[in-house]
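Beneath this line is the structure, given in structure tokens, with notes to follow.
Naming convention: chains lettered A, B, ... in sequence-line order (proteins, then strands); numbering from 1 in each chain.
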Protein chains: 2
Amino acid sequence: MVTIKDVARAAGVSVATVSRVYNSSAPVRQDTRDRVRAVAEQLGYSPHGAARSLITSRTHTLGVLLPDLYGEFFSEVIRGVDGAAQRAGYHLLVSSLRGESHGLEAALRSMRGRVDGLIVMSPDLDAGAAGRSLPSGFPVVLLNGPPSDAAYASLVVANAEGAQAMVAHLAGLGHRRIALVGGAARNYDAEERRRGYRQGLGEAGLPWRPDYEVAGDFSEESGHAAALRLLSLPEPPTAIFAANDCMAIGALSACRDHGRKVPDDVAVAGFDDIPMARYVDPPLTSVHVDISALGARATERLLDALRAPANRDLRRETLPTTLVVRRSCGALTPTPMREIP
Amino acid sequence: MVTIKDVARAAGVSVATVSRVYNSSAPVRQDTRDRVRAVAEQLGYSPHGAARSLITSRTHTLGVLLPDLYGEFFSEVIRGVDGAAQRAGYHLLVSSLRGESHGLEAALRSMRGRVDGLIVMSPDLDAGAAGRSLPSGFPVVLLNGPPSDAAYASLVVANAEGAQAMVAHLAGLGHRRIALVGGAARNYDAEERRRGYRQGLGEAGLPWRPDYEVAGDFSEESGHAAALRLLSLPEPPTAIFAANDCMAIGALSACRDHGRKVPDDVAVAGFDDIPMARYVDPPLTSVHVDISALGARATERLLDALRAPANRDLRRETLPTTLVVRRSCGALTPTPMREIP
DNA sequence: CGAGCGCATGTAATCGTTTACATCCTGACA
DNA sequence: TGTCAGGATGTAAACGATTACATGCGCTCG
């Protein structure tokens, strides 16, 4: 491996000069600069990241900790983060937790000295304790986490507001029996969406019924099963609102299996508006969340914190959601028109 | 930041002893070992990665270079890689190329000294030149790349064989007018799948027709547009085979828009078998590729190369694909409950 | 013409580890 | 009792960069 010394020797200068050429940290005469560059090029030199970060204590790397790497949601988050990081010349150290509870602490530890800051997505409600394993004052941005006492910058999507808007929309279409397929247990997003659902019912003057709130775990299978249970009730709902799109898609196939037409017999709606949502049949009404923007915004806040460690911005920022109405809720009917009052 | 020195001082030992406790590189008496561990724990010490890798010249990090981070395909690859890497105690430095052609070289350079090895996914046909920017003998595993003269370990999926099997299946169902929606231009996977398609036609004794081969770019939009074009032909195909699932899903919605029933009027099939494939309506017949296994296998080969740099295994390995028949091709008629998962 | 300034460059300390080598100590054995 | 083996520990030199400080040189200006 060719080092800065090799380049210095070959170019007939000192290592300091080579370093200065690469960092523009001090003026270097044009001709020496050219000579160094040429020699470096020819030798195939590029500075050694570890050595660099040892002395500068900057790694130019951001850590990204995700609960899992499954599905479009996470690939979108990473995409957003990667874009913003790349623009700023930062690398990404990605890791998933895969359910290990002590994993968060272990992962945080093993990243020490490897990253300048962290983006942590921990929707798990009791993950707050994890913060202790990183030095206080370490730049961190929390994604979709519960409001914690710990003083971290955090970013959440407007879960409750989105869910509430969806219920209002369904109620506005005349639905009076609106059911919820809930998200994973002990998941902050899931709880907030449920809260929004209940609040929406209240504002529409609809009663909350325990049998209309069934549990899911964000997977298609669970959405399928939950919808089947709802449709088999003595008084089945006329609208099914799933806490994410995967479950909504599961619900759609459950409706088919159960012989119910969507949206004629029953309306279905989801949450997240993943790219696939518009391609299922019927296209899925959902609450749009700009996931990659979420990742990008988190990255920007982290980079801000790195640039100006002094004035730390620890606010909790909420990303708005928007209602996307497609055919699955019956608001827009296909060519054979069928009005809903 | 607490360093090894602080721990050594607080525990009343030398830095060497602390280091030995952490690396088990030499025997340390049980009681000193315990004392060091306790002190370290209490001080919140964990070894500094950069310093460590500077002296050992091992980073315990793998670089993953992907053309883009969009869609389920890439999230699955990363998931597979992450799983295998985590099991071996390795970190992941992920980066996308986002289309910059010189990006590959730049990315490779900027990863020097930060990773022990690389997994590079470069389906671009003329990316072969990139190899020059990394020191020869550097451990690399190529994913889904064209067979290159460069001596790299590589991994591909059985694109041509899968496509051929799909065409054979469709022909076996009686289809004689089978069209292809091709993948992105200058993409190796796309070319191989096209080759398999043509070969399949030949073996089934069907003529190759230029108007039945329309270009796409792997996106839903392009699949939608391509299918519309096919359906508007004077003699439209009875089966549409898209070079990936996203385009197939686009084709499904195009068929709906065009008033053609799938699979009664036209059969549709895809490639990749992404998780969503079984949830669209009708469920999509596809060529199954175990994408996360692809990532995991690539990682294992890379780790092998790291463990035994001497006997380098530079073979080109092909991952088999399997045909997954669902309703969209008409092989399984209505009875909706009876799908192949 | 000499003082002094500032540009270009070199020298060497430093970052936090690992590890070869040196040292010390304890106990077994002749 | 002296020797020696070998386990436990310490000392200090790397690793490859950055950077404060020192140095040398050509100018300008009083």
Legend entry - Donor-acceptor under 3.5 Å (B/Thr61 side chain, B/Thr59 main chain):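 Such a contact is found between B/Thr61 side chain and B/Thr59 backbone.
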
Does a nitrogen or oxygen in the side chain of [X] sit under 4.0 Å from OP1 or OP2 of [N]?
X: A/Thr32; N: C/dA8; answer: no
X: A/Thr3; N: D/dG16; answer: no
X: B/Arg29; N: D/dT9; answer: yes

Round to a whole Å and report the spacing from [atom1] of [X] to [atom2] of [N].
X: A/Lys5; N: C/dT11; atom1: NZ; atom2: P; answer: 12 Å
X: B/Met1; N: C/dG16; atom1: CE; atom2: C1'; answer: 12 Å
X: A/His48; N: C/dC15; atom1: NE2; atom2: C1'; answer: 14 Å
X: A/Arg35; N: C/dT9; atom1: CZ; atom2: C1'; answer: 11 Å
X: B/Leu54; N: C/dC15; atom1: CG; atom2: C1'; answer: 9 Å
X: B/Arg58; N: C/dT17; atom1: CZ; atom2: C1'; answer: 16 Å

Inset, instruction - Answer yes when B/Arg301 and B/Asp304 have at least one side-chain N-carboxylate O distance shorter than 4.0 Å, and no when they do not. - result: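 Looking at B/Arg301 and B/Asp304, the cut-off is not met.
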
Legend entry - Side chain proximity check, B/Leu155 to B/Asn144, heavy atoms < 4.5 angstrom: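 Heavy-atom side-chain distance check fails, nothing below 4.5 Å.
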
Legend entry - pair B/Leu62-B/Val115: side-chain heavy atoms closer than 4.5 Å: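 B/Leu62 vs B/Val115: side chains apart.
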
Inset, instruction - Dump the intermediate steps for salt bridge (charged side-chain N to carboxylate O under 4.0 Å, His left out) on B/Asp6 and B/Arg9, then the final yes or no. - result: CA-CA 5 Å; B/Asp6 302 321; B/Arg9 196 174 319 122; 3.8 Å; yes

Inset, instruction - Mind telling me whether A/Tyr90 and A/His60 have parallel, tilted or perpendicular rings, with 30° and 60° as the class edges? - result: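 It falls in the parallel class, under 30°.
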
Can you tabulate the close N/O pairs, meaning under 3.5 Å, that link protein atoms to atoms of nucleotides 18-22 of chain D?
unit_1: D/dT18; atom_1: OP1; unit_2: A/Asn23; atom_2: OD1; d: 3.2
unit_1: D/dT18; atom_1: OP1; unit_2: A/Asn23; atom_2: ND2; d: 2.9
unit_1: D/dT18; atom_1: OP1; unit_2: A/Arg52; atom_2: NE; d: 2.8
unit_1: D/dT18; atom_1: OP1; unit_2: A/Arg52; atom_2: NH2; d: 3.4
unit_1: D/dT18; atom_1: OP2; unit_2: A/Ser19; atom_2: OG; d: 2.6
unit_1: D/dT18; atom_1: OP2; unit_2: A/Asn23; atom_2: ND2; d: 3.3

